[in-house]
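Here the structure is laid out as structure tokens; the discussion comes afterwards.
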Amino acid sequence: MTAREIIGAICPELAKSESLTVFIKMAEENSNKKFFGKQYSYAVAYRACHLFTVTAGSGGNAALGLGQVASMSEGGLSVSFATGSAASDANGGLETTKYGKMLLGLIKSRPKMGVNTAGLAGGVV
């Protein structure tokens, strides 16, 4: 599968975006093909979706860059977002989106390599 096909399946908002090619290019430039091997397309797709989400690319909703929704209320409308932790700072903020978590899972699944040697250009970004 290509990164575009994976993105189409997991993040239709990005797949429809005019910026799709730019996000894929940014993700490719920050992912190590040798480290991810046959799963490189997945790494690129997860990183592109993560970048798209944290930069509020999805429908122009700036709230998406704040992290996952931690709580919601209906009467009086109140939404709280999860804040980054020391762990997410150490992981370059990847824990702030479901796509970043998917990328972290992929990194951790690689043999004999920890998150700090993530195979991402310049370390975990």
Side-chain angles (χ1 to χ4, degrees):
M1 288 188 106
T2 68
R4 282 181 190 272
E5 292 171 326
I6 296 164
I7 291 168
I10 65 171
C11 187
E13 299 87 5
L14 174 55
K16 295 174 190 172
S17 171
E18 293 178 14
S19 300
L20 173 62
T21 301
V22 173
F23 281 99
I24 289 175
K25 184 72 173 164
M26 287 189 299
E28 287 173 342
E29 290 175 355
N30 286 290
S31 300
N32 186 312
K33 196 169 193 170
K34 288 182 183 179
F35 176 81
F36 289 108
K38 293 180 181 179
Q39 295 179 317
Y40 177 71
S41 294
Y42 288 90
V44 169
Y46 297 160
R47 178 173 287 281
C49 293
H50 170 75
L51 291 170
F52 177 72
T53 301
V54 299
T55 58
S58 184
N61 186 349
L64 288 174
L66 297 174
Q68 295 180 330
V69 174
S71 66
M72 295 180 82
S73 302
E74 196 170 313
L77 185 63
S78 173
V79 179
S80 299
F81 294 92
T83 57
S85 65
S88 65
D89 290 342
N91 294 325
L94 291 175
E95 291 182 353
T96 61
T97 70
K98 66 181 179 181
Y99 307 110
K101 289 179 182 180
M102 293 166 80
L103 180 56
L104 283 172
L106 182 61
I107 291 166
K108 291 176 183 178
S109 74
R110 301 304 298 159
K112 308 280 185 198
M113 300 298 269
V115 174
N116 292 332
T117 57
L120 305 174
V124 177
V125 184

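For the numbers below, each heavy atom of this structure counts, side chains included, while hydrogens, waters and symmetry mates do not.
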How many angstroms lie between atom [atom1] of [X] and atom [atom2] of [Y], to the nearest 0.5 angstrom?
X    : Y    : atom1 : atom2 : answer
Y46  : L104 : OH    : CG    : 12.0 Å
I10  : K98  : CD1   : NZ    : 8.0 Å
I6   : C11  : CD1   : SG    : 12.5 Å
E28  : K25  : CD    : NZ    : 6.0 Å
L94  : L103 : CG    : CG    : 5.5 Å
I107 : R47  : CD1   : CZ    : 7.0 Å

Is the shortest side-chain heavy-atom distance between F23 and I7 below 4.5 Å? no
Shortest non-hydrogen contact from A27 to A48? CB-N, 3.6 Å
Using the side-chain contact (heavy atoms from CB on, under 4.5 Å) criterion, which residues pair with T2? Sequence neighbours excluded. R4, E5
Under 3.5 Å, side-chain donor or acceptor atoms of residues 36-44 against the rest of the protein: list the pairs with distances, not counting sequence neighbours.
{"residue": "Q39", "atom": "OE1", "partner": "R110", "partner atom": "NH1", "Å": "3.2"}
{"residue": "S41", "atom": "OG", "partner": "M1", "partner atom": "O", "Å": "3.2"}

Keeping the roles fixed (side chain from T97, backbone from G100), state whether a donor-acceptor pair exists under 3.5 Å. yes
